[in-house]
Number of protein chains: 2
Amino acid sequence: MTETDEAAERLTLMNAGIEAMIPVAHRMGVRIVELDRGRVVGRVEPAGNTNHIGTIYAGVLFTVAEILGGAIALATFDPARFYPTVRDVTIRFRRPARTTVHATAVLADDVIEAVAATAEAAGKADFALTAVLTDADGVVVATTEGSYQLRSHGT
Amino acid sequence: MTETDEAAERLTLMNAGIEAMIPVAHRMGVRIVELDRGRVVGRVEPAGNTNHIGTIYAGVLFTVAEILGGAIALATFDPARFYPTVRDVTIRFRRPARTTVHATAVLADDVIEAVAATAEAAGKADFALTAVLTDADGVVVATTEGSYQLRSHGT
């Protein structure tokens with residue numbers, strides 16, 4: 001497979017996984033559209049998700065951001081050995097979201113290495129993840145800061 | 001009408017309002033089950049809302065808590081003059097939620113009076129709202145702290 005094929009296959013698998021594991025998020029139309037080690041982008045459309053004034057509901061923006069923590073953990077660390085859990089999330093609403101929203105989260109290489117080393121040694125490791133949510137014009141509509149924990153299976 | 005009839009009618013109207021105004025929350029089965037001046041309780045069931053390990057998804061717990069800010073504002077202040085908006089919410093996940101979850105939020109009388117006075121004078125007023133989410137055994141599964149703003153229509 002080419003690199004492009006591999007990337008497409010990773011996305012297909014991740015979105016199928018979300019559909020199976022978190023169907024309520026999949027039903028909102030939340031999709032992962034970019035997925036690499038240390039970088040993930042989610043997307044959600046207004047259709048079916050707006051309130052009476054035409055803006056995407058707070059709980060939907062929360063979901064497209066929160067889900068990145070699990071997705072980036074699975075794409076960055078060894079999913080056969082570790083699974084992610086969420087501890088807390090703060091979401092700040094900046095602007096009304098009326099168009100397609102993309103949520104982007106990144107883990108720097110040094111953070112990845114530190115988290116992997118701690119998880120290896122202790123069986124678990126906390127990591128913080130910031131997500132930035134932008135509308136179709138690139139305007140930041142919300143930001144989130146989440147605390148997640150990577151845990152060894154069986155702990 | 002008796003007081004009980006009035007309370008039931010308030011709930012019916014509020015849930016019909018949520019269905020019309022935030023259909024995505026209504027589709028999750030989020031319902032307001034108690035609604036009084038200064039006190040509101042929401043409920044959500046696991047059915048359709050769990051993840052692959054049988055616990056209610058984070059975004060659903062967020063929704064049943066976040067929605068209380070709007071509901072309590074509409075029940076406590078004059079909805080003909082003021083509407084609520086959400087600015088930020090922090091949610092802390094404490095325990096897995098595997099059963100029916102109730103989310104409860106309260107505004108003390110002195111807070112209500114201060115918010116009403118500020119909104120009257122300035123056309124808007126911020127208020128903070130804490131919600132406590134408990135499962136069917138009364139165990140706290142999550143808590144939220146939200147910042148909302150009450151605004152005059154037309155501002």
Side-chain angles (χ1 to χ4, degrees), chain A residues 16-30 42 44-70 74 83-97 103 142-149 151 153, chain B residues 16-30 42 44-70 74 83-97 103 142-149 151 153:
Chain A
I18 291 171
E19 183 173 12
M21 295 190 293
I22 315 177
V24 64
H26 193 266
R27 284 199 301 272
M28 287 179 203
V30 168
V44 74
E45 303 288 347
N49 290 320
T50 55
N51 59 23
H52 56 298
I53 54 169
T55 65
I56 298 178
Y57 172 59
V60 173
L61 296 178
F62 176 92
T63 296
V64 74
E66 189 287 317
I67 213 163
L68 302 184
L74 295 171
Y83 68 97
T85 62
V86 61
R87 296 162 68 96
D88 59 73
V89 178
T90 295
I91 182 163
R92 294 183 177 81
F93 301 98
R94 305 287 179 90
R95 294 278 177 184
T143 57
T144 61
E145 289 167 39
S147 302
Y148 295 82
Q149 188 172 72
R151 295 185 191 170
H153 289 294
Chain B
I18 291 172
E19 183 173 12
M21 295 191 293
I22 315 177
V24 64
H26 192 267
R27 284 198 302 271
M28 287 178 202
V30 167
V44 74
E45 303 288 346
N49 290 320
T50 54
N51 59 22
H52 56 298
I53 54 169
T55 66
I56 298 179
Y57 172 59
V60 174
L61 295 178
F62 175 91
T63 296
V64 73
E66 188 287 317
I67 212 163
L68 301 184
L74 295 171
Y83 68 96
T85 62
V86 60
R87 297 162 69 95
D88 59 73
V89 179
T90 295
I91 182 164
R92 294 184 176 81
F93 302 97
R94 304 289 178 90
R95 293 277 177 184
T143 57
T144 61
E145 289 166 40
S147 302
Y148 295 83
Q149 190 172 71
R151 295 184 192 171
H153 289 294

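Chain naming here is simple, since letters A, B, ... match the order of the sequence lines and numbering starts at 1 in each. For the numbers below, each heavy atom of this structure counts, side chains included, while hydrogens, waters and symmetry mates do not.
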Task: Set of residues satisfying salt bridge (Lys or Arg N to Asp or Glu O under 4.0 Å) with respect to A:R87, sequence neighbours excluded - done: A:D126
Task: A:I18 versus chain B, the contacting section by heavy-atom distance below 4.5 Å - done: neither
- [ ] Would you give the length of the straight line joining atom CD1 of B:I53 to atom CD1 of A:I22, rounded to the nearest 0.5 angstrom?
- [x] 9.5 Å
- [ ] Report the relative orientation of the aromatic rings in B:F93 and A:F62; use parallel for angles under 30°, tilted for 30 to 60°, perpendicular for over 60°.
- [x] tilted
Open item on the list: Under 4.5 Å from any heavy atom of chain A, what part of B:T50 do you find: side chain, backbone, both or neither?
Closed with: backbone
- [ ] Pick one of side chain, backbone, both or neither for B:I67, based on which atoms fall under 4.5 Å of a heavy atom in chain A.
- [x] both
- [ ] Identify the residue among B:T90, B:V89, B:I91 that makes a side-chain contact (heavy atoms from CB on, under 4.5 Å) with A:V89.
- [x] B:I91
TODO: Could you tell me which of B:E145, B:M28, B:E66, B:R94 has the largest number of non-hydrogen atom pairs under 4.5 Å with chain A?
DONE: B:E66
Open item on the list: Is B:R27 in contact with chain A via its backbone, its side chain, both, or neither, using a 4.5 Å heavy-atom distance?
Closed with: side chain
- [ ] Please look at B:V60 and chain A and tell me whether the side chain, the backbone, both or neither of the residue comes under 4.5 angstrom of a heavy atom of that chain.
- [x] side chain
